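See below for the structure under consideration.
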Amino acid sequence: MRSAAHLKQPANEFELSVRRCQHAALLGRIAKVGDRSAFEELFVFFGPRLKGMMMKGGADVHAAEDLTQEVMLTIWRKAALYAPAKGSVSTWVFTIARNLRIDRLRKQSPYAYEDIEALKLESAEIDGENAVMGNQTAEHVAQALKQLPATQRKIVELAFIHDMPQSRIAEKLELPLGTVKSRMRLAYGKLRLNLEELQ
Amino acid sequence: MTVLHHHLDGATLLRYASGDLDEAFSVVVATHLAMCSECRRAARAGEEVGGRFLEVGDKAELSAGSFDRLMQRIDDDGAGQFADSAEARHGADGSSDVPAPLRRFVGPSLKDIPWTRVAPGVRKHAINISSATSSSLYMLNIAPGRAAPEHGHGGAEIAVVLSGAYRDELGRFGPGDVADLDEHIEHQPKVEQGAACICIVATEAPTRFKGFFSRLLQPIVGI
Ligand SMILES: [Zn+2]
């Protein structure tokens, strides 16, 4: 295993931004030559975070460990499908985790979650994205999240990390469903405002 | 590329990105995303929120030997590292008038949809999704000139126009446009003359028919 330094919480945004570039390079090495030490480095970073996310989403220790293994396995297998223009590695990993979580819930359904990756293959050329924008998006989103009022941030966090449906968020916070919806909409609006500065 | 005028609501985009939408709703949202690069970019930004939370989120310690077990599995699988070619299942198909996310449910051609007449001027094709959800997913084929009574949206409903168009107080909804409306907006939609309007619709609770599209079905269920 790598040194404990890799497990430390990032001190600042600059460090995080450097790390994002490192992650993209690690994925590249996995895709090109099946580099196991690169994979281990990603595992050390994402493994505990994925398990933490799965547990917050309501999975017990065993299920969380199991899902983490599945996500990491998918990262290994699909490393070649990652493109920096699609956003940060963390986002790519998040969508893999999200899809697996949903597909577990939908066991009975023969259809996998309709992922935006699949849609983009069809019309990637009209999206006008590039690698620089992919990285900048991550930074702008981080910025936007910091600026959100606590009430909005809480709702976004419950949805993304705790995997709570809108109705349960409303129950938990003792708010009408409409209020949860409108706060979510406001949060999205701020996110969008930050991203428009990119164009 | 046609210019679209009606897009997904911000709350819906975040729900899609976080994975909160059930199957029926995510299919309709994906249908719009397939036709709208603007919303695709927005959904991507929503997913970036998830990435950010993952980066700065709490960690849980993995069990001992976790990485070794994973590598063992990879070795047992024959080091299977690949870009699954099935990923390309939504390859471009310019000849189809059915958006990619719908094709696996209804096939490649709108003219081959097996419609059932459900009300005067309204034909329906129910799509069977087997996952546990109270939402329903269906297509509607509404005759030219057909109107709905004025109403507000009571339950969650989302619809994407696939062919033809209708108009209401909010403007014209043509192919690709999505009606992702707040419950409280009052409106009175009417299908344009000349051609039928074909839509894909997701409705939250099949017993509470309040939206425009589900309201068209009221005569047959007797509500
Ligand atoms: Zn749109």
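The structure presented is a predicted model; accordingly, all values stated were derived computationally and were not measured. The sequence lines fix the lettering, A, B, ..., with proteins before strands; numbering per chain opens at 1.
- We find the OG-CD distance between A/S90 and B/E47 to be 13.0 Å, quoted to the nearest 0.5 Å.
- Distance CG/A/D163 to OG/B/S18: 7.5 Å, rounded to 0.5 Å.
- Using a cut-off of 4.0 Å between Lys/Arg side-chain N and Asp/Glu carboxylate O, B/R73 and A/E70 are scored as salt-bridged.
- In this structure, chain B has a heavy atom under 4.5 Å from the side chain of A/T68, while its backbone stays farther away.
- Ranked by non-hydrogen atom pairs under 4.5 Å with chain A, the options B/G51, B/A60, B/A11 are led by B/A60.
- Proximity to chain B is limited to the side chain of A/F46, based on heavy atoms less than 4.5 angstrom apart.
- With rounding to the nearest 0.5 Å, the separation of CZ in B/R15 from CD1 in A/I169 is 8.5 Å.
- Both the backbone and the side chain of A/L50 come within less than 4.5 Å of a heavy atom of chain B.
- Between the CE atom of A/M184 and the CG atom of B/D9 there is a distance of 10.0 Å, given to the nearest 0.5 Å.
- Considering A/K51, A/K56, A/R49 as possible partners of B/D58, the one that fulfils the side-chain hydrogen bond (donor to acceptor under 3.5 Å, both in side chains) test is A/K56.
- Between the side chains of B/E48 and A/T91, at least one donor N or O sits under 3.5 Å from an acceptor N or O.
- In this structure, A/Q69 contributes its side chain and B/S66 its backbone to a donor-acceptor pair below 3.5 Å.
- Your options are A/V180, A/L73, A/V89, and the one with the most heavy-atom pairs under 4.5 Å with chain B is A/L73.
- Rounded to the nearest 0.5 Å, atoms CG (B/L14) and CZ (A/F160) are 5.0 Å apart.
- Highest contact tally toward chain B, considering only A/A97, A/A64, A/A142, is held by A/A142 [criterion: heavy-atom pairs under 4.5 Å].
- Only the side chain of A/K146 comes within less than 4.5 Å of a heavy atom of chain B; its backbone N, CA, C and O stay farther away.
- For A/V61, no part lies under 4.5 angstrom from a heavy atom of chain B.
- Panel note: side chain B/D20, backbone A/Q166; a donor-acceptor pair is recorded below 3.5 Å.
- None of A/E40, A/M72, A/R36 except one satisfies the side-chain contact (heavy atoms from CB on, under 4.5 Å) rule with B/M71; the exception is A/R36.
- Salt bridge status for B/E55 with A/R19: absent, with no side-chain N to carboxylate O gap under 4.0 Å.
- The shortest heavy-atom contact between A/L145 and B/R52 is CD1-CG, 3.4 Å.
- To the nearest 0.5 Å, atom NE2 of residue A/H162 and atom CZ of residue B/F53 are 9.0 Å apart.
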With a 3.5 Å cut-off and sequence neighbours excluded, list the donor-acceptor pairs that the side chains of residues 170-178 of chain A form with protein atoms.
none

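- Using a 4.5 Å cut-off between heavy atoms, B/L13 contacts chain A through its side chain alone, with no backbone atom that close.
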